[in-house]
Q: 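One structure is given below, represented as structure tokens, and several questions about it will come after.
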Amino acid sequence: MSAPRVGVLALQGDTREHIAALHEAGASAVPVRRRDELDAVDALVIPGGESTTMSHLLRDLDLLEPLRKRLADGLPAYGACAGMILLASEILDAGSAGREALPLGGIDMTVRRNAFGRQVDSFEGDLEFFGLDDPVHAVFIRAPWVERCGPDVQVLARAAGHVVAVRQGPVLATAFHPEMTGDRRIHRLFVDIVIGAA
Ligand code: GLN
């Protein structure tokens, strides 16, 4: 396969950083804001940001159900932080009624929003990451953690005993922000998943 065409959901958050990271990891990367743009990509990255706001933008732009459908049909996806929250099948502390974060259901998992935030707003640390030789320097910003993993979910990393990186089939999620560190190994892993899924 030639370079896969990976979309980056461009509603808010680190869109440009993810596009640059994907280019460096060997993919062709384009922003996605509209239904026709979603239909044209082989895979999607959902950046960090605010999962409540992103949910309602997705709904207002008529992207919510098309994205749920593409994920159900096997779209490879990678979600970082707010993107991890959105890729869950169930969200705890999802926000106030009417403004809550809405699950897209790419991974059979329960994610707690702002989970670390109740202890400490932001922190960084070096994590063992399954399949990578050297630790990943991980930046957490009002980060979620995974409280329940379904039977097909593979845990890739933990921080302070909590699950912070997972994969189920072609869908990957991290509670931290690899686009911020210049380490492209997570984006490369995702591009390899996309190529493998094609
Ligand atoms: N706390 C944010 C949310 O609920 C996520 C923060 C982030 O993406 N850095 O969506």
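On a predicted model such as this, the values are computed, not experimentally measured, just so you know. Side-chain atoms are counted along with the backbone in the values below, which use heavy atoms only and exclude waters and symmetry mates. Ligands are counted one by one from 1 in listed order, and the atoms in each one are counted from 1 as well.
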Q: Who pairs with Ala165 by side chain to side chain contact (heavy atoms under 4.5 Å, CB included), at least two apart in sequence or on another chain?
A: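 Here the qualifying residues are Phe129, Leu156, Ala157, Thr174, Phe176.
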Q: Below 4.0 angstrom, N of the basic side chain to O of the carboxylate: do Glu37 and Arg5 qualify?
A: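 Between Arg5 and Glu37 there is no salt bridge, as every charged N stays at least 4.0 Å from the carboxylate O atoms.
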Q: May I ask you to check whether His56 and Arg59 show a side-chain donor-acceptor distance below 3.5 Å?
A: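 Result is yes, a qualifying pair exists.
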Q: Please identify each residue that fulfils side chain to side chain donor-acceptor pair (under 3.5 Å) with Glu90, with sequence neighbours left out.
A: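 Side chain to side chain donor-acceptor pair (under 3.5 Å) check on Glu90 returns Thr110.
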Q: When rounded to the nearest 0.5 angstrom, what is the spacing between CG in Leu63 and CG in Leu11?
A: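 Reported value, rounded in 0.5 Å steps: 7.0 Å.
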Q: Mind checking what makes side chain to side chain contact (heavy atoms under 4.5 Å, CB included) contact with Ala43, not counting sequence neighbours?
A: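 In terms of side chain to side chain contact (heavy atoms under 4.5 Å, CB included), with neighbours along the sequence ignored, Ala43 is linked to Val6, Pro76, Phe190, Val194.
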Q: Check each protein residue for a heavy atom under 4.0 Å from ligand 1 and list those that pass, ordered by chain and number.
A: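 Residues within 4.0 Å of ligand 1: Gly48, Gly49, Glu50, Ser51, Cys81, Ala82, Ile85, Arg113, Asn114, Ile141, Arg142, His177.
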